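Not measured: the values here are computed from a predicted model. Note on naming: letters A, B, ... go to the chains in the order of the sequence lines (proteins, then strands), and numbering restarts at 1 for each one.
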Amino acid sequence: MKYHFNDIEAKWRKYWEENQTFQAQNNSDKPKYYVLDMFPYPSGAGLHVGHPLGYIASDIYARYKRHKGFNVLHPMGYDSFGLPAEQYAIQTGQHPAITTETNINRYREQLDRIGFSFDWSREVRTSNPDYYKWTQWIFTELFHSWYNKDTDKAEPIETLITQFTNEGNELVNAVCDEDIIPFTAEMWNAYDEEQQQKILLQYRLTYLAETEVNWCPALGTVLANDEIVNGVSERGGHPVVRKKMKQWSMRITAYAQRLLDGLNRIDWPQPLKDSQTNWIGRSQGASVKFQIPNSKFQISVFTTRPDTIFGVSFMTLAPEHELVEKITTPEQKEAVEAYIEQTARRSERERMADVKTISGVFTGAYAEHPFSKEPIPIWIGDYVLASYGTGAVMAVPCGDERDYAFAKHFNIPIPNIFDQDISENAFTEKEGFKIVNSDFLNGLSYKEANEKAIEALENIDQGTGKINYRLRDAVFSRQRYWGEPFPIYYVNGLPKTIDPEHLPIQLPEVEKYLPTEDGQPPLGRADVWTWDAEKSVVVSNELIDNETIFPLELNTMPGWAGSSWYLFRYMDANNEDELASREALDYWQNVDLYIGGSEHATGHLLYSRFWTKFLYDREFLKVDEPFKKLINQGMILGESAFVYVLQPKLISPKGNDDINVNAQVLISKEVYEEINDGGNIESLPKPLYDFVFENVKHFQEYNLRAKDYKINFVCFKTTIDVKYVNISNEINLTGFSEDERYKALKNASYFDGEKVINNQDVKVVREVEKMSKSKYNVVNPDDICDQYGADTLRMYEMFLGPLEQAKPWNMAGITGVHSFLKKFWKLYCDDYGLLVTDSPASKDSLKTLHKTIKKVEEDIENFSFNTSVSTFMIAVNELTAQKCTSREVLEPLAVLISPYAPHIAEELWSKLGHTESISTAPFPEFDEKHLVESTKEYPISFNGKMRFTLELPLDLPKEEIEKAVMAHEKTQHYLEGRTPKKVIVVPGKIVNIVG
RNA sequence: GCUCAAGUGGCGGAAUUGGUAGACGCGCUGGAUUCAAAAUCCAGUUCUUUCGGGAGUGUGGGUUCGAUUCCCACCUUGAGUACCA
């Protein structure tokens, strides 16, 4: 019986599928455990070896938990709405649903080959109407909710209407729009329906608003802040401009504090928590109002340093600030307008890149200091951002570096309110100083002055303590086709939701996936995209009468809509009446272990926490955090392959024509660096020179045009697709024949440093880069499975190093893991059959087994999967040496390894006579008694250096150990005649002789 | 610039509370088997050495009988972030 991994793996994949081995039950006496992977976007490129890394880790954990007696939910699905399918549709006219389906099937085939224990009966796809029905439903729930700051949670909009009806809005403490007009109960009741709806829209958790958005003309859509990197779109790198549009927004800011607080209760990597904390950007301080004398205007600012209020020597407004044009004096008008124009012309990119230049202009206006009543000049400057805080700052040059630089640049006074030196730099510390020159704050510390200043501001009604967040409300509309349609239609321009019983509102057919000519989103092209409010059906656009038949929303939802709640759908994936049943939600609660990449830190992971908290507030869920524990798996990098090429050329006397001579030579990196510049062939090493000269001359004999041309050459580095490179970094040039890209290289020669030789296997130079199709360094897991099997792939991916660490994919070690599995197999059977016997195991074998149980269990609990692979290797090496054939050792060993290498474990398990899947077997129990030793190999150190070991009984007392060591002949040798000053004996550990 | 993480053989990496540095695997060297190769098996493999030893976990200090592990300073690399008032 040989280890035919391909047959074995196919057999067990089939068995698991037919027997639904990994189907989770929604009611069970066992404790529950929910293991989830971040679901993939099914791209056309398929999976590469980097994708399954996290899936393998979570699968090992899920299988381990099953052995440990848990009812495990371990599902998989697809985040199947998204841009690439739509881009492809635009280019080819192919419906995105079709490409998506094809891609999903490819993913599924690839996933299946690796032997994951997913419960596929619960698969979800965000683009499936049965699924997005509930995404739409959650949207309507958000629409019909408001955030009550008094109860600190979301409530149904009805509770707000009741308050309006009874007492108006003055006592309402809600998270809402800023420009709310106060009204009484009488006024509310007198408003017509339309007026009331307009007001309610200012309170809803999802609302329509003119928003300044990041518009990407090239993609024809709005992007979220986290979809923009360095001022260009994350996908495609297209420029992004600011533009005002009517958009759906989500009032995530209502949850800012709770999103922050929740971080303390979840087990996530610190860097991830840090980036959410930064993204939310809480800062505590005060809001201060500065009056502009002789006018009705006042400037409101936010400051984190109210203690420095007496250090204010000017104010700066963002150029976009609405007061700028109102307060600018006639004398300064020209300069101000010129400056505004100048900043508007600068692109976001420029403004970001250029942090050094200080610019600004005086408006001519003055504000009044709230305490000293001194006039304060008001400037504008583009270092103040319109989108943060109030778009205005009180500038304290002695305590803030930007204010300091600005003041220095424009010769504005810098009053010092610290007992510190500020002649060179601003003093920005918050400790180790006393306030001076500050009236009633003199002599106080930061903390004392802060409190006192806020109190004083509140007393004169010029300010109040305030907490500010950097987090903005999330724009929720996308001008896209391939996304969830909004369940919204418009009556007189006011949005109304479609009742839940009529959901889902399915995506309409369109003939093209582009925006319309007049700039409407692609859904503007649909002919049947109108809501009949009486019959509750989508009907043809011609029927719009705005009485019973109304236009539907043309935007679609963003990618994060479907992924914000999918974890709950898996709990009851096929439920047609609810998002998931109450019982399923109560039983599974939330995800115990979530594994995925760190790129979702401020997108998916923040939004899904927000939606979970909302669903919790509205009592659909019993938990308010989606993912209890989260692990970021490190990226697997590709090892791109390169060769250096010398290309001989012929150049016409005038230099206006050149011909590549088909006599390329591959050269080493060293030679390349020497002759890098190209040019005259006289500079080449002799053998190369001869080769080039001979070939070019030969060429010229047959090409009369080139007769007078000058011989020249260029050198370049070129990428070789890794599929042409073998495990020893060699490429076979003849293997190139069918690939257009390498046609020119097919017949290239090779210069080995001494001579030019023909058509040899050449070694490539490797460089570590991100694994991607465009870098030709993608390794497909299917190929590994073909060659070595899924069990080898699984173990090797784990063996590469710690899960969280980024590491390059290097095939060099895979043979070691593969031969380990062969060796493991040989423990159980040889060519003639099963070797396992019922004879009792030796003491040593039991020790090996229990040592392994202990280590593997600890490793899995600590997610240290790489070290358990080594542990298995050691165990197999030892058991092979011990010639162990005992069932009492080999049977538990098969269970131990089954989370890692499930196929081989199942096969051996059935050979051992079991009829049920090994996944039902309990995890072996560790028994300390097999590891108890009677003696210890004591390391004997001299001044901390280990010199030799000495075996002594473990129960030997300290004094006896010392005696035995001192009596040893080697001790005298290492002492070299010295008398030891001290002998440290730690029983069971070590002996150290000092002196 | 700021924040965080990490620096260990030729390579990936191991070392649980401070206690035998380099487990395990790759690669390399030598050997067995073979007509030969693959595969398999055995031995060796941190550096250095006058073969007694000596040095050694990014660098320099410190604490300790003893430091890869703890503390301080610095260097390098990687990741995130970017005028946040």
Below 4.0 angstrom from OP1 or OP2 of [N], is there any side-chain N or O of [X]?
| X | N | value |
| --- | --- | --- |
| Gln805(A) | G12(B) | no |
| Asn810(A) | C11(B) | no |
| Arg947(A) | G53(B) | no |

Closest listed nucleotide, where the reference is the side chain of [X] and the choices are [options]:
| X | options | value |
| --- | --- | --- |
| Asp382(A) | U20(B), G13(B), C83(B) | C83(B) |
| Val994(A) | A23(B), C65(B), A85(B) | C65(B) |
| Lys822(A) | U40(B), C84(B), C24(B) | U40(B) |
| Ser283(A) | A85(B), A14(B), C24(B) | A85(B) |
| Ile984(A) | C65(B), U20(B), C84(B) | C65(B) |
| Ser870(A) | U20(B), C24(B), A85(B) | C24(B) |
| Lys823(A) | C26(B), C84(B), C41(B) | C41(B) |
| Val986(A) | A85(B), G80(B), G19(B) | G19(B) |
| Ile990(A) | U20(B), G25(B), U17(B) | U20(B) |
| Pro802(A) | C41(B), A85(B), A14(B) | A14(B) |

### Task
Check the chi torsion on G44(B) and let me know: syn if it falls within 90° of 0, anti if not.
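Anti for G44(B); the angle lies over 90° from 0.
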### Message
Tell me if G52(B) is syn or anti. Syn = glycosidic torsion within 90° of 0, anti otherwise.
### Response
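For G52(B), whose glycosidic angle is within 90° of 0, the conformation is syn.
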### Query
Should we say atom CD of Glu322(A) is surrounded by more than 12 heavy atoms from elsewhere, each under 6.0 Å from it?
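At most 12 heavy atoms, drawn from other residues, nucleotides or ligands, come within 6.0 Å of this atom.
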Using whole Å, what does the distance between atom [atom2] of nucleotide [N] and atom [atom1] of [X] come to?
| X | N | atom1 | atom2 | value |
| --- | --- | --- | --- | --- |
| Tyr788(A) | A39(B) | OH | C1' | 13 Å |
| Leu879(A) | C24(B) | CG | P | 15 Å |
| Lys273(A) | G80(B) | NZ | P | 21 Å |
| Asp830(A) | U40(B) | CG | C1' | 15 Å |
| Tyr383(A) | A82(B) | OH | P | 20 Å |
| Met946(A) | G22(B) | CE | C1' | 13 Å |
| His818(A) | A39(B) | NE2 | P | 11 Å |
| Asp274(A) | A79(B) | CG | P | 18 Å |

### Query
Taking for each residue the nucleotide of RNA chain B with the nearest heavy atom, is it Met873(A) or Lys855(A) whose nucleotide lies nearer the 5' end?
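Nearer the 5' end of the strand: Lys855(A).
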### Asp400(A) or Lys854(A), whichever maps to the more 5' nucleotide of RNA chain B
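Residue closer to the 5' terminus by nearest nucleotide: Lys854(A).
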### Query
Do the side chain of Thr971(A) and the main chain of Val965(A) share a donor and acceptor less than 3.5 angstrom apart?
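Yes.
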### Task
Keeping the roles fixed (side chain from Arg472(A), backbone from Arg470(A)), state whether a donor-acceptor pair exists under 3.5 Å.
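A pair under 3.5 Å: yes.
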Whom does [N] pair with, Watson-Crick or G-U wobble, provided both distances fall under 3.5 Å?
| N | result |
| --- | --- |
| C51(B) | none |
| U16(B) | none |
| A79(B) | U3(B) |
| A67(B) | none |
| A37(B) | none |
| U59(B) | A73(B) |
| G44(B) | C28(B) |

### Query
Has the side chain of Lys945(A) got a donor or acceptor atom sitting under 3.5 Å from an opposite partner on the base of G56(B)?
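Indeed there is one.
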Taking only the [atom1] atom of each, what is the distance from [N] to [M] in whole angstrom?
| N | M | atom1 | value |
| --- | --- | --- | --- |
| A82(B) | A6(B) | C1' | 23 Å |
| A23(B) | C72(B) | P | 32 Å |
| U33(B) | G13(B) | P | 39 Å |
| G61(B) | C41(B) | P | 48 Å |
| C75(B) | G58(B) | C1' | 7 Å |

### Query
For the ring pair Phe314(A) and Phe406(A), is the centre-to-centre distance below 6.0 Å?
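Under 6.0 Å, so yes.
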### Message
For Phe5(A) together with Tyr788(A), are the ring centres under 6.0 Å from each other?
### Response
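They do not qualify: ring centres at least 6.0 Å apart.
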Across the strands shown, which category fits [X] at heavy-atom distances under 4.0 angstrom: base, sugar-phosphate, nothing?
| X | answer |
| --- | --- |
| Glu858(A) | base |
| Asn992(A) | base |
| Thr304(A) | sugar-phosphate |
| Asn866(A) | sugar-phosphate |
| Pro808(A) | nothing |
| Ser819(A) | sugar-phosphate |
| Asn877(A) | sugar-phosphate |

#### Entry: Trp825(A)/Phe820(A) under ring-ring contact (aromatic ring centres under 6.0 Å, His included): CA gap, chis, key distance, verdict
CA-CA 9 Å; Trp825(A) 177 267; Phe820(A) 155 72; over 10 Å; no
### Message
For Lys847(A), is there an ion pair with Glu933(A) - N to carboxylate O distance below 4.0 angstrom?
### Response
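Salt bridge present between Glu933(A) and Lys847(A).
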### Message
Is it true that Tyr938(A) and Thr949(A) share a donor-acceptor pair across their side chains at a distance under 3.5 Å?
### Response
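No, Tyr938(A) and Thr949(A) have no side-chain donor paired with an acceptor closer than 3.5 Å.
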### Message
Is there a side-chain hydrogen bond (donor to acceptor under 3.5 Å, both in side chains) between Thr871(A) and Ser868(A)? Walk through the geometry before answering.
### Response
CA-CA 5 Å; Thr871(A) 305; Ser868(A) 18; 5.8 Å; no
